[in-house]
Amino acid sequence: MSDQLRALILGSGFAGQEHAAALRRCGVELVGMASRTESVVKEVAAKMDIPFATTDWRSAIKDLKPDIVAVGTPGGVHLDMCVAAAEAGSHIYCDKPLATTAADAKVIWEAARDANVKTAYASTMRYNPAVLHAKELVASGAIGEVSEVECVSHYNWPKLMPYGWSHSLSMGGGRLNNNFTHKLGIVLNVVGGQVLAAMGETRSDLKKAPVGPPVHDFRNLQASALTPEEAEKAEWKDVDSDWAYTVLAKIGAVGSDPAEGISATFRHSGMRPGVTPDYVAFYGSKGSIHIQGAYARGKLFFRTIEGGETSNPASSSIDIAPGGPVEELETPAHIAQSLPDLENDAQRNWTILARELVDDIQGKGDAGYLTFRDGWLYQEVIDIARKSNGWTVLPEGS
């Protein structure tokens with residue numbers, strides 16, 4: 001009997017295809033793929049040389065008895081799929097969000113825990129090279145004791161995207177589910193620890209969306225936007241997902257003040273264009289780290305606070321930006337060499353997580369990857385932001 005692990009892939013879109021490719025790169029045999037549309041799943045499975053394709057995922061889990069079930073479907077169906085996989089004794093690799101509510105996410109985590117199966121939660125932008133570099137810098141004390149974190153992004157998504165799962169909270173849509181989960185993963189990987197407390201607000205900048213041809217692969221969503229003429233003739237559906245959010249969190253990071261923690265701000269707008277580049281930044285007692293890109297995909301800059309004299313002799317106030325020179329730091333060779341040789345960051349990061357899950361299943365050690373417990377706690381923060389107690393109105397005449 002072969003010791004090779006066998007995997008069933010649920011979902012044939014972007015996430016399903018990339019989960020399949022990631023597991024295959026790690027030596028896992030792909031035994032089947034299940035998805036909701038028969039013609040699509042058969043086409044994708046054939047293209048990826050997966051021997052079995054079906055629309056009946058429950059029977060596939062029962063009949064194929066896979067070692068791993070990879071869930072790459074929209075979040076609205078994760079609950080049933082993950083619980084069924086756990087009850088069948090399969091290890092589970094699941095994309096974010098883990099579920100559409102914290103209560104459902106906790107049910108999934110508890111089912112996997114009780115079944116004693118390994119779980120991997122795919123908030124994977126935490127593996128970007130600049131993130132791993134920042135983690136090393138923080139751990140070395142390069143910026144001292146971290147006190148603040150900022151994550152700011154503006155995406156300017158087209159308003160005439162055809163209605164789909166991203167427009168519905170019950171289907172797993174919303175920017176908190178699909179953007180914030182990556183941001184939180186990045187921050188916690190760099191500073192360590194867990195969220196102690198949170199608050200926030202959300203905003204829906206898109207009240208309705210036109211109905212157009214179904215978009216099966218998320219990579220084609222923006223290119224599938226309707227023209228104004230097409231949208232005018234289309235049926236429109238109500239949208240309830242959040243397209244903008246502000247989350248404030250206190251993080252109990254290693255070495256931080258246990259009473260105060262680290263202050264983290266997460267600000268995102270999905271429908272508005274920005275002027276300055278998106279960024280992720282970490283501020284400490286000795287300096288700061290600034291990484292370009294909403295998911296810390298870009299260049300890393302480092303600055304110390306020493307040497308900050310006022311640059312204007314006639315001014316009695318301090319310089320508005322005192323400090324040492326800003327340095328662009330290259331990713332260390334040992335980090336670059338440790339990563340899969342893949343140019344696409346999504347493919348690379350999914351592969352890293354797959355590798356860490358497979359190694360753990362095979363008894364080669366736990367690298368500290370995210371599990372369903374993390375997925376549940378991330379969803380708790382999301383629920384807090386969505387259930388905000390609202391604004392405190394100032395007294396009249398103030």
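Given the structure is predicted, the values throughout are model-derived calculations rather than measurements. These numbers come from the heavy atoms of this one structure, side chains and all, not from hydrogens, waters or symmetry mates.
Not one N or O on the side chain of E18 forms a donor-acceptor pair closer than 3.5 Å with the backbone of Q347. Under a 3.5 Å cut-off, the side chain of T371 and the backbone N or O of T119 do not form any donor-acceptor pair. Judged by distance alone, the side chain of S388 and the main-chain N or O of A385 form no donor-acceptor pair under 3.5 Å. Looking at S285, its side chain does come within 3.5 Å of a backbone N or O of E145 through a donor-acceptor pair. Panel note: side chain T37, backbone V40; no donor-acceptor pair is recorded below 3.5 Å. In this structure, the side chain of N349 does not engage the main chain of A346 through any donor-acceptor pair within 3.5 Å. A donor-acceptor pair under 3.5 Å is absent between the side-chain atoms of N128 and the main chain of A130, judged by distance alone. H78 contributes a side-chain N or O that, together with a main-chain N or O of P97, makes up a donor-acceptor pair within less than 3.5 Å.
Using a 4.0 Å cut-off between charged nitrogen and carboxylate oxygen, E38 and K42 count as a salt-bridge pair. Using a cutoff of 4.0 Å between basic side-chain nitrogens and carboxylate oxygens, D238 and K207 are not scored as salt-bridged. Ion pairing between a basic and an acidic side chain is recognised when a charged N comes within 4.0 Å of a carboxylate O; R203 and D242 show no such pairing.
Between the side chains of R25 and T351, at least one donor N or O sits under 3.5 Å from an acceptor N or O. In this model, no donor atom of one side chain and acceptor atom of the other lie less than 3.5 Å apart for E150 and H290.
The two residues I108 and L98 have their closest heavy-atom pair at CD1-O, 3.4 Å. Annotation for P273 and H154: closest pair C-CB, 4.1 Å, computed over non-hydrogen atoms. Closest approach of T331 and A336 over heavy atoms only: CG2-N, 4.2 Å.
Taking the side-chain contact (heavy atoms from CB on, under 4.5 Å) definition, one finds that S288 meets it with Y283, R303, sequence neighbours left out. Judged as a salt bridge (charged side-chain N to carboxylate O under 4.0 Å, His left out), and not counting sequence neighbours, the contacts of R272 are D205. Looking at residues two or more places apart in sequence or on another chain, you find a side-chain contact (heavy atoms from CB on, under 4.5 Å) between D56 and T54, R58, S59. Listed by chain and residue number, F180 satisfy the ring pair (Phe, Tyr, Trp, His ring centres under 6.0 Å) test with F266 (two or more places apart in sequence, or in another chain).
Annotation: ring pair (Phe, Tyr, Trp, His ring centres under 6.0 Å) contacts involving residues 7-29, sequence neighbours excluded, comprise F14-W350, H19-Y93, H19-W350. Within the structure, side chain to side chain donor-acceptor pair (under 3.5 Å) pairs that include any residue of residues 176-185 comprise S153-K183, Y155-N179, N177-Q379, N179-K183, N179-Y245, N179-Y295 (at least two apart or interchain).
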Subject >> F52/V31 under side-chain contact (heavy atoms from CB on, under 4.5 Å): CA gap, chis, key distance, verdict >> reply: CA-CA 6 Å; F52 178 75; V31 296; over 6 Å; no
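Checking Y378, W376, W109, Y369 one by one against Y121, the ring pair (Phe, Tyr, Trp, His ring centres under 6.0 Å) holds for a single residue, Y378.
The structure places CZ of R348 at 12.0 Å from OH of Y127, a figure rounded to the nearest 0.5 Å.
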